[in-house]
Amino acid sequence: MDILATLRTRLFTAVAGDVMDEIGLRRQFLPAEIRPLAPDMVVAGLAMPVLEADVDEAVAAVPPFGLMFRALDSLQTDEVYVCGGSSLTYALWGGLMSRRAQMLKAAGAVMDGYHRDTPEILALGFPTFSRGSYAQDQKGRGRVVDFGTPITFANGVTVSPGDIVFGDRDGVVIIPKAAAADVVAMAVERVQGENTVRTMIEAGGSAEDAFRTTGIM
């Protein structure tokens, strides 16, 4: 099974989260405020975590963006630039970064913070998820201090290199790489079960009976 293709074409974040709940992975969704720039955007790829940190404007870092360019240029096919660690006072992602990532065949970008250059990113169609748009630049305010190492989001969810990042209009969920094959296989089965429930309800059955029969609702 091609895990990423299956996520992109057959699954959705709710079902992935549900099956992880069943196997004890109950804290895998990133903060609810992280949303796609457009409702139809879907991201499914391998996490390339990036750690951002604030800097004092009076002693701004040299180079001013820290390791940001190196992190961006290191993106591989199907990787997702996943950034967090800073305050919510400037944008972590923008249009030119999206162009570079797209040229590298990256799968998307997920920010525990803001993006900017919204029209350009939308025109590119590059899957981008953030807490919203805010044009203030990170130069002199923040810098990338590390990448390719685990980072922890504001709600306590840790993202490690190679984890599966899966996002749609309902949120972004992290599937640990060690569990990815099992989670995706279980999610496909659950979608089939949900289709059975849907058929039962459309035939006039009650929600209670459908749940009793399938264990799904």
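Below, each value reflects all heavy atoms present in this structure, side chains not excepted, and no hydrogens, waters or symmetry copies. As the structure is a computational prediction, the values presented were derived from the model and not from experiment.
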**OP:** Before giving the answer on salt bridge (Lys or Arg N to Asp or Glu O under 4.0 Å), spell out for R8 and D78 the whole-Å C-alpha distance, their side-chain angles and the decisive distance to 0.1 Å.
**Re:** CA-CA 12 Å; R8 291 168 184 153; D78 285 329; 3.1 Å; yes

Original post:
ring pair (Phe, Tyr, Trp, His ring centres under 6.0 Å): which pairs involve residues 150-192, sequence neighbours left out?
Top reply: none

With the side chain counted from C-beta on, respond yes when [X] and [Y] share a heavy-atom pair under 4.5 Å apart, and no when they do not.
X	Y	value
W93	S130	no
T77	L104	no
R35	F129	no
S86	L92	yes
T128	S98	yes
Q138	M68	yes
E22	M186	yes

Subject >> Interatomic spacing from CE in M20 to CZ in R27 - rounded to 0.5 Å >> reply: 13.0 Å

**OP:** To the nearest 0.5 angstrom, please state how far the CG atom of L37 sits from the OG atom of S133.
**Re:** 7.5 Å

Looking only at heavy atoms, what is the nearest atom pair of [X] and [Y], with distance?
X	Y	value
L30	I34	CB-CD1, 4.1 Å
M111	A109	CE-CB, 3.7 Å
A107	V80	CB-CG2, 3.9 Å
A38	L122	CB-CD2, 3.9 Å

**OP:** Apply ring-ring contact (aromatic ring centres under 6.0 Å, His included) to F12 and list each qualifying residue two or more places apart in sequence or on a separate chain.
**Re:** none

**OP:** Return the set of residues passing ring-ring contact (aromatic ring centres under 6.0 Å, His included) with Y114 (not counting sequence neighbours), or none when no residue passes.
**Re:** Y134

Original post:
Which pairs count as salt bridge (Lys or Arg N to Asp or Glu O under 4.0 Å) when at least one residue sits in residues 89-102, sequence neighbours excluded?
Top reply: D73-R100, R99-E120

Original post:
Judged by atom type as modelled, is there a donor-acceptor pair below 3.5 Å linking the side chain of Q28 to the main-chain atoms of V157?
Top reply: no

**OP:** Verify, without hydrogens or angle tests, whether D117 (side chain) and G95 (backbone) share a donor-acceptor contact under 3.5 angstrom.
**Re:** yes

Original post:
Is R190 salt-bridged to D18, cutoff N-O under 4.0 Å?
Top reply: yes

Original post:
In a check of side-chain contact (heavy atoms from CB on, under 4.5 Å) between L7 and each of V43, V42, I164, D168, which one passes?
Top reply: I164

**OP:** Among Ile, Leu, Val, Met, Phe, Trp and Tyr joined by side-chain contacts under 4.5 Å, find the other residues sharing a cluster with L96 and list them by chain and number.
**Re:** none

Sequence-distant partners of [X], side chain to side chain contact (heavy atoms under 4.5 Å, CB included), two or more places apart:
X	result
K139	P64, F65, D137
T6	M1, R10, L11, V184, V188
A106	L75, A101, F126
T152	T158

Subject >> Hydrophobic cluster membership, F29 vs I23, 4.5 Å side-chain cutoff >> reply: yes

**OP:** Given side-chain contact (heavy atoms from CB on, under 4.5 Å), test Y81 with V110 step by step and report yes or no.
**Re:** CA-CA 6 Å; Y81 187 102; V110 175; over 6 Å; no

Side-chain atoms of residues 169-179: list all donor-acceptor pairs with protein atoms under 3.5 Å, sequence neighbours left out, distances to 0.1 Å.
residue	atom	partner	partner atom	Å
R169	NE	P39	O	3.2
K177	NZ	P161	O	3.2

Original post:
What pairs with D112 under salt bridge (Lys or Arg N to Asp or Glu O under 4.0 Å), at least two apart in sequence or on another chain?
Top reply: R131

Residues 44-55 side chain polar contacts: donor-acceptor under 3.5 Å, at least two apart:
residue	atom	partner	partner atom	Å
E52	OE2	R143	N	3.1
D54	OD1	S87	N	3.2
D54	OD1	S87	OG	3.2
D54	OD1	Y90	OH	2.6
D54	OD2	S87	OG	2.7

